[in-house]
Student: 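Below is a structure I'd like to ask you about.
Numbered from 1 within each chain, the chains take letters A, B, ... in sequence-line order.
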Protein chains: 2
Amino acid sequence: MLHLQINPNSGVPVYRQVMDQIKYYIASGLLAAGEQLPSIRALATSLAVNPTTIVKAYTELQHAGAVEMKQGKGAFVAESVGGLSEKQLSKALQQLARQLAVEAAQMGATSQQVIEAVQEELKKVQHD
Amino acid sequence: MLHLQINPNSGVPVYRQVMDQIKYYIASGLLAAGEQLPSIRALATSLAVNPTTIVKAYTELQHAGAVEMKQGKGAFVAESVGGLSEKQLSKALQQLARQLAVEAAQMGATSQQVIEAVQEELKKVQHD
DNA sequence: ATGACTGTATGATAACACCCATACAGTAGC
DNA sequence: GCTACTGTATGGGTGTTATCATACAGTCAT
């Protein structure tokens with residue numbers, strides 16, 4: 001039934017917590033492409049939040065290309081297409097990587113620590 | 001004179017753009033510890049924004065431990081202390097790495113591409 | 001075609017983010 | 001102590017974010 005863990009007082013918005021966790025489940029393969037997600041209402045009551053909050057999360061995920069919603073039928077994990085050109089991907093990756101690198105440097109982490117952490121997380125998520 | 005490039009219509013707030021770029025300059029060593037930053041007013045007029053916007057950026061950087069402000073004297077790059085325990089650092093790194101990994105997977109990037117991007121950015125920033 | 005499930009749309013509200021104008025206060029050279 | 005520089009503090013305006021309550025509309029098994 002896809003257990004999500006929400007902290008309403010964490011400062012990060014509920015809809016974003018939902019998004020992030022579903023994204024993670026999709027990336028890690030726990031949610032397969034085409035699989036049906038919990039219905040908006042079901043998830044809303046399960047998390048004790050308003051349905052509109054879930055709508056927001058699902059809608060954003062749809063815009064991000066991770067989810068597909070069909071009226072009357074439900075919400076489903078999108079068939080991953082990856083409509084980014086090699087150039088766009090490279091640029092986006094660079095931006096994400098820089099953010100990580102700068103934050104890590106700020107914290108006093110060594111390069112090795114950073115690389116290891118990234119490899120660890122990639123393992124949980126990638127299927128190359 | 002520390003040239004910053006700001007885009008007011010990028011969606012990302014001005015104060016955050018200022019923060020990010022200064023953080024990057026510090027991390028990359030272009031701004032050394034103890035060095036004086038541009039004064040709030042000088043930077044504000046240079047970027048054609050209100051001084052309060054710069055105040056916000058500097059204040060947040062101060063809270064992040066990257067900058068130190070002294071009334072009447074100026075704002076300076078903080079002596080990096082790194083007050084995080086090994087455990088805290090590890091946890092923070094994991095969180096950053098996971099975010100990167102999930103986003104990258106979403107975009108269809110391979111593990112190798114991700115690692116290479118991270119190594120590239122670390123090179124620009126680290127001094128191990 | 002009714003019932004029970006799906007997603008969709010609208011409108012309200014409270015909080016916060018962002019930016020601004022302006023006034024206050026410490027520091028240091030003249 | 002005046003002047004010209006520093007950061008600090010306060011209050012306001014505008015827009016967006018985040019969440020809610022409630023009503024609308026498509027799908028499908030019975």
Student: Which residue, A/V12 or A/G72, contacts DNA chain D at a nucleotide closer to its 5' end, judged by nearest heavy atom?
Tutor: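 So the residue in question is A/V12.
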Student: Would you mind reading off the distance between A/M19 atom CE and D/dT19 atom P, rounded to a whole angstrom?
Tutor: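 About 13 Å, once rounded to whole Å.
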Student: Under 4.0 Å between any heavy atoms, over every strand shown, what does A/Y58 touch: base, sugar-phosphate, or nothing? Just pick one.
Tutor: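 Nothing: the residue A/Y58, judged by heavy atoms under 4.0 Å, touches no strand.
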Student: Quick one: is C/dC20 close enough that its OP1 or OP2 comes under 4.0 Å of any side-chain N or O from B/T52?
Tutor: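 Result: no.
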Student: Considering only side-chain heavy atoms of B/K56, which listed nucleotide, D/dC24, D/dT19, C/dA17, is closest?
Tutor: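 The listed nucleotide nearest to B/K56's side chain is C/dA17.
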Student: Picking from D/dA21, C/dT8, C/dC18, which would you name as closest to the side chain of A/R41?
Tutor: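 It is C/dT8.
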Student: Expressed as a whole number of angstroms, how long is the span from A/N50:CG to C/dT13:P?
Tutor: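 For the pair A/N50 CG and C/dT13 P, the rounded distance is 15 Å.
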Student: Between D/dA18, C/dG7, D/dC28, which nucleotide gets closest to the side-chain atoms of A/I40?
Tutor: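 Out of D/dA18, C/dG7, D/dC28, the nucleotide with an atom closest to A/I40's side chain is C/dG7.
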Student: Between B/K70 and D/dT6, is there a contact of a side-chain N or O with OP1 or OP2 at under 4.0 Å?
Tutor: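 No, no such contact exists.
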Student: Would you find a donor on one side and an acceptor on the other, under 3.5 Å apart, between the side chain of B/Q21 and the backbone of B/Q5?
Tutor: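 Answer holds: yes.
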Student: Given C/dG7, C/dA28, D/dG7, identify the nucleotide with an atom nearest to the side chain of B/K73.
Tutor: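 Nearest listed nucleotide: C/dA28.
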Student: With rounding to the nearest 0.5 Å, note down the distance linking CD in B/Q112 to CG in A/L122.
Tutor: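 Rounded to the nearest 0.5 Å, the CD-CG separation comes out at 11.5 Å.
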Student: Rounded to the nearest Å, what distance is computed from the CD atom of residue B/Q62 to the P atom of nucleotide D/dA9?
Tutor: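 Atom CD in B/Q62 sits about 10 Å away from atom P in D/dA9.
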Student: Can you measure B/E60 atom CD to C/dA17 atom C1' for me and round it to whole angstrom units?
Tutor: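 Between C1' of C/dA17 and CD of B/E60: 11 Å.
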Student: Starting at atom CD1 of A/I54, determine the distance to atom P of D/dA21, rounded to an integer number of angstrom.
Tutor: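 My rounded result for the distance is 13 Å.
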Student: For A/Q99, is there any backbone N or O sitting under 3.5 Å from a side-chain donor or acceptor partner on B/E121?
Tutor: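 Not confirmed, B/E121 side chain does not pair with A/Q99 backbone.
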Student: Report yes or no: do B/L30 and B/L37 belong to one cluster of Ile/Leu/Val/Met/Phe/Trp/Tyr joined by side chain heavy-atom distances under 4.5 Å?
Tutor: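 Yes; B/L37 is reachable from B/L30 via cluster members.
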Student: Looking at C/dT8, C/dT27, D/dT27, which one has an atom nearest to any side-chain atom of A/M69?
Tutor: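 In terms of side-chain proximity for A/M69, the closest of C/dT8, C/dT27, D/dT27 is C/dT8.
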Student: Which is it for A/V49 and A/Y15 under the side-chain contact (heavy atoms from CB on, under 4.5 Å) test, yes or no, and what are the steps along the way?
Tutor: CA-CA 10 Å; A/V49 301; A/Y15 85 94; over 6 Å; no
Student: Identify which nucleotide among C/dC19, D/dT19, C/dG7 has an atom closest to any side-chain atom of B/T53, counting heavy atoms from C-beta outward.
Tutor: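 Selected nucleotide (nearest to the side chain): C/dC19.
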Student: Starting from P on D/dG7, measure out to CG on B/L37 and report it in whole angstrom.
Tutor: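 Atom-to-atom, B/L37 to D/dG7, this comes out as 9 Å.
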Student: Measure the distance from CG on A/L61 to P on C/dG7 and round it to the nearest whole Å.
Tutor: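 After rounding, the gap between these two atoms is 13 Å.
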Student: Between A/S39 and C/dC5, does any side-chain N or O lie under 4.0 Å from OP1 or OP2?
Tutor: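 So the side chain of A/S39 is outside the cut-off, no N or O lying under 4.0 Å from OP1 or OP2 of C/dC5.
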Student: Please report, rounded to the nearest Å, how far the C1' atom of C/dC16 is from the OH atom of B/Y15.
Tutor: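 Taking OH of B/Y15 and C1' of C/dC16, I get 11 Å after rounding.
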